[in-house]
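Computation of the quantities below employed the complete heavy-atom set of this structure, encompassing side-chain atoms and omitting hydrogens, waters and symmetry-equivalent molecules.
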Amino acid sequence: MLDSMGSLRSLTAGPWIYPVVATSILLDVFLPVLPSGFLVISAATAASAALGAATAPADVPSLLPLLLTAAAASMLGDFLAYRLALRGGRRLDRAIGRSRRLTVARERLGTALARGGGLIVVLARFAPAGRSVVSLGAGAAGRRPEEFLPWSALAAVIWASYSVGLGWLGGQWLGATWFSAAVSTLALLLAGGLAGYLIRRPGAAPAPAS
């Protein structure tokens, strides 16, 4: 199985993968086009294939540090976006207005966010640009930290676990190849599409966060 790892090791080998993953996830809340999910899945795929080998290279990522890195970076990014929006105003509106993707996402998710509810925060972590809209929207709406941050932490753990889990399963079933990472990334995108549908579904009003 290690023979199939060469294509991914060039991307994930070395301890630098953790700060790169953390930076990508951290900035993804402001720049949703960053491939943070793909990086997490690719690293997890390489780590999974190494687990099944008799002798694993030392520069292959480890699953637990990768999971902790992804979850922590996601929490921190959400918090920074929330604080920025809490203190922001017209500058924030202009910044969002320059991004068509963020503008469309804000319009689609705005009604759902107004309904409140922690489930929206969790679902939005998977939806395209949903993390940005909900984190910034919670701050702009003046939601209290205890109403948003615990759900943000839960969303970060669930998203990180799901992404790392997809990479692990892909590596076990298909080996550490670009095809495996692509299939796992597609599963992540499908989950995002489903999350977006559930958020926008008429009458799908989750209970308000307490």
Side-chain angles (χ1 to χ4, degrees), residues 18-34 36-37 39-40 64-99 101-165 188 191-192 194-201 204-210:
Y18 300 112
V20 168
V21 165
T23 301
S24 177
I25 295 173
L26 181 65
L27 297 179
D28 182 67
V29 70
F30 303 105
L31 300 169
V33 296
L34 292 178
S36 56
L39 283 176
V40 173
L64 182 58
L66 180 64
L67 173 60
L68 295 177
T69 298
S74 183
M75 294 180 207
L76 180 58
D78 288 357
F79 174 75
L80 292 177
Y82 166 78
R83 290 293 299 176
L84 174 65
L86 196 63
R87 295 174 174 269
R90 294 181 179 178
R91 290 183 179 179
L92 176 62
D93 289 335
R94 287 197 297 267
I96 293 178
R98 286 194 293 268
S99 171
R101 186 179 183 186
L102 280 179
T103 300
V104 172
R106 179 170 65 174
E107 292 173 353
R108 291 179 176 178
L109 297 177
T111 301
L113 177 61
R115 293 198 300 262
L119 180 59
I120 290 176
V121 179
V122 176
L123 289 175
R125 185 60 185 86
F126 290 84
R131 177 192 180 200
S132 304
V133 174
V134 170
S135 298
L136 294 171
R143 301 299 293 267
R144 296 192 303 273
E146 60 269 22
E147 292 179 323
F148 171 70
L149 295 181
W151 291 104
S152 170
L154 177 63
V157 171
I158 292 176
W159 176 85
S161 300
Y162 182 71
S163 300
V164 171
L188 181 63
L194 177 61
Y197 168 76
L198 292 175
I199 291 174
R200 298 189 299 267
R201 186 178 58 178
S210 56

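Smallest separation of non-hydrogen atoms from Ser132 and Pro32: OG-CG, 3.5 Å. When all heavy atoms of Tyr18 and Pro65 are compared, the closest pair comes out as CE2-CB, 3.8 Å. The two atoms that bring Leu66 and Val40 nearest to each other are CD2-O, 3.7 Å, heavy atoms only. Val29 approaches Ala81 most closely through the heavy-atom pair CG2-CB, 3.7 Å. Nearest heavy-atom pair, Ala160 versus Ala71, reported as atom, atom and distance to 0.1 Å: CB-N, 3.7 Å. Counting all heavy atoms, side chain and backbone alike, Leu34 lies closest to Ser24 at CD1-O, 3.8 Å.
Side-chain contact between Leu119 and Trp151 is absent, with no heavy-atom pair separated by less than 4.5 Å. In this structure, the side chains of Leu26 and Leu80 come closer than 4.5 Å at one or more pairs of heavy atoms. The closest side-chain heavy-atom distance from Phe126 to Leu198 is not below 4.5 Å. You'll find the side chain of Leu39 reaches within 4.5 Å of the side chain of Val20, heavy atoms only.
With Ser36 as the partner, the side chain to side chain contact (heavy atoms under 4.5 Å, CB included) test is satisfied by one option alone out of Thr23, Ile25, Val21: Ile25.
Residue pairs meeting the side-chain hydrogen bond (donor to acceptor under 3.5 Å, both in side chains) criterion with at least one partner in residues 74-84, sequence neighbours excluded, are Ser74-Arg125, Asp78-Arg131, Asp78-Ser135, Asp78-Ser152.
Here the CG-CZ distance, from Leu86 to Arg144, works out to 12.5 Å after rounding to the nearest 0.5 Å.
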- [ ] Could you go through the side-chain contact (heavy atoms from CB on, under 4.5 Å) check for Met75 and Leu149 one step at a time?
- [x] CA-CA 8 Å; Met75 294 180 207; Leu149 295 181; over 6 Å; no

